[in-house]
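Note sheet for the following structure.
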Amino acid sequence: MASHDSESHLGHQFEDIRQQIEAYTVGMWVFLVTEVMFFGGLFAAYIVYRSQYLETFFEAHELLDKRWGAVNTVLLLTSSLTMALGVRSAMLGRWRHQIRWLLATILLALGFMVVKYIEYSSKWEHHLVPGANFQYPGAGNAGEAQLFFSLYFAMTGLHGLHVLIGIIVMSVLVYLTYRNRAKVQDYIPTELTGLYWHFVDIVWIFLFPLLYLVGK
Amino acid sequence: MNDDHKIIPAHVYWKVYGLLLILTVVTVAVAYVHLGIWNVIVPMSIAMAKAMLVVLFFMGLKYSPRLTQIWAVAGVFFLLIMFGLTMGDYVRRVIVGGW
């Protein structure tokens with residue numbers, strides 16, 4: 001039914017299809033490197049303040065639910081698996097399988113956002129959102145605790161935004177693939193989306209232990 | 001069609017996934033034991049191992065062109081510079097007052 005031949009989509013500025021594929025792939029990786037530095041800035045802030053205020057950070061992190069954090073980790077790891085299998089299906093020209101794997105990835109990502117919503121609304125109810133309503137119940141310094149939660153919301157919030165963007169991009173990809181649109185008839189758009197999605201997973205792989213499993 | 005691109009077998013993806021889940025269980029388990037400085041080193045090392053698995057296999061970096069691999073390494077390199085120089089500054093500061 002659909003032609004998945006990438007030969008017909010060679011841009012005139014490229015020598016051959018191999019060069020075009022490499023250019024697209026390198027371009028995506030360059031973007032991901034900028035994203036690494038983007039999140040890296042927040043990680044650096046976290047490292048600095050955790051080293052300064054370990055006692056309060058340890059006490060404050062107890063107010064996070066490790067179980068939800070673990071559930072979110074499993075959801076994202078599984079979504080990376082389904083995404084990888086979706087990219088593989090795209091490479092093999094199996095567009096029906098590709099759509100199914102992509103839909104599975106979207107579903108798992110939505111599950112992640114639901115858990116995020118549960119966690120965030122719980123934080124709001126317990127006055128743990130930095131701002132006028134912040135009330136710290138622990139024994140530690142309230143300023144340091146508010147710093148912990150500022151970092152928590154900034155880092156998980158930015159990550160959640162990336163998950164949301166991923167969901168939108170994947171949904172568009174599913175739609176275009178289903179309608180057999182020319183621009184997605186080779187596997188490259190799916191592969192690049194996959195690279196983005198795995199990056200989002202990797203950020204969470206580090207966020208989870210740093211925020212939820214602060215050791216002493 | 002996809003002559004230049006190595007297609008990784010599905011069973012490899014499933015095995016990597018299994019490893020990732022096992023490593024997650026270990027990370028959570030370690031959090032419940034008091035190991036002092038190891039409570040930082042162990043989960044971070046495991047996180048790096050998980051990230052490596054995702055990068056090498058799910059993102060296919062193991063079979064990617066050299067230029068792509070160089071960019072990935074460069075990203076980590078610059079991240080480490082940022083962490084290293086930032087912490088190098090802060091560990092030498094004397095806090096007066098604080099919160």
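Chain letters run A, B, ... following the sequence lines, proteins first and then strands; every chain starts at 1. We use all heavy atoms of the structure for the numbers below, so side chains are in, but hydrogens, waters and symmetry mates are not.
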- Item | Proximal component of Y212(A), with respect to chain B [non-hydrogen, under 4.5 Å] | neither
- Task: Sort S51(A) into side chain, backbone, both or neither according to what part of it lies under 4.5 angstrom from a heavy atom of chain B.
- Result: side chain
- Message: At a 4.5 Å cut-off on heavy atoms, which part of F58(B) comes close to chain A: side chain, backbone, both, or neither?
- Response: both
- Under a 4.5 Å heavy-atom cut-off, does chain B meet the side chain of I202(A), its backbone, both or neither? side chain
- Could you check if a side-chain atom of R67(A) sits within less than 4.5 angstrom of a side-chain atom of V28(B), using non-hydrogen atoms only? no
- Of all of V87(A), V26(A), T73(A), which one pairs up most often with chain B through heavy atoms under 4.5 Å apart? V26(A)
- Message: So which residue, V76(B), V16(B), I46(B), L67(B), ends up with the most heavy-atom pairs under 4.5 Å with chain A?
- Response: L67(B)
- Flag if over 12 foreign heavy atoms under 6.0 Å of CZ, F78(B): no
- Task: Output the option from D89(B), V25(B), L61(B), V91(B) having the highest count of non-hydrogen pairs under 4.5 Å with chain A.
- Result: L61(B)
- Identify which part of L23(B) has an atom lying under 4.5 Å from any heavy atom of chain A, answering side chain, backbone, both or neither. neither
- Rounded to the nearest 0.5 Å, how far does CZ of F206(A) lie from CE of M48(B)? 6.0 Å
- Contact class of Y13(B) relative to chain A, heavy atoms under 4.5 angstrom: both
- Item | Greatest number of heavy atom pairs closer than 4.5 Å to chain A - which of A47(B), A31(B), P65(B) | A47(B)
- Pick whichever of V30(B), T86(B), I8(B) has the most heavy-atom pairs under 4.5 Å with chain A. I8(B)
- Item | Over 12 non-hydrogen atoms of neighbours within 6.0 angstrom of CZ in R93(B) | yes
- Query: Going through the distances and angles, do R88(A) and V12(B) end up as a side chain to side chain contact (heavy atoms under 4.5 Å, CB included)?
  - Reply: CA-CA 12 Å; R88(A) 187 171 175 276; V12(B) 172; over 6 Å; no
- Can you check side chain to side chain contact (heavy atoms under 4.5 Å, CB included) on M59(B) and L32(A), steps first, answer last? CA-CA 12 Å; M59(B) 294 172 93; L32(A) 293 179; 3.7 Å; yes
- Note on the structure: Hits for side-chain contact (heavy atoms from CB on, under 4.5 Å) against P130(A), two or more places apart or cross-chain, chain-then-number order -> Q146(A), F149(A), S150(A), F153(A)
- Top contributor to chain A contacts, counting heavy-atom pairs under 4.5 Å, from A51(B), P43(B), A74(B): A51(B)
- Taking all heavy atoms of G75(B) and all of V36(A), pick out the closest pair and write down the distance. O-CG1, 4.3 Å
- Looking at D201(A), V74(A), L210(A), which has the largest count of heavy-atom pairs under 4.5 Å with chain B? L210(A)
- Identify which one of V54(B), T24(B), L53(B) satisfies the side-chain contact (heavy atoms from CB on, under 4.5 Å) criterion when paired with I205(A). V54(B)
- If you tally heavy-atom pairs under 4.5 Å against chain A, which of P9(B), G60(B), S64(B) wins? P9(B)
- Message: Under 4.5 Å from any heavy atom of chain A, what part of Y32(B) do you find: side chain, backbone, both or neither?
- Response: side chain
- Can you tell which part of W14(B) gets under 4.5 Å to a heavy atom of chain A, answering side chain, backbone, both or neither? both
- Enter the distance from F83(B):CZ to Y46(A):OH here, rounded to the nearest 0.5 Å. 12.0 Å
- Query: In this structure, are over 12 heavy atoms from other groups packed under 6.0 Å from Q13(A) atom CD?
  - Reply: yes
- Task: Please examine the side chains of M87(B) and V48(A), heavy atoms only from C-beta on, and report whether any two atoms are closer than 4.5 Å.
- Result: yes
- Task: Identify which of T78(A), T25(A), T34(A) forms the greatest number of heavy-atom pairs closer than 4.5 Å to chain B.
- Result: T78(A)
- Item | Nearest non-hydrogen partners of M44(B) and P209(A), listed with the distance | CE-CG, 3.8 Å
- Query: Looking at CG of L92(A) and CD1 of I7(B), how far apart are the two atoms once the value is rounded to the nearest 0.5 Å?
  - Reply: 4.5 Å
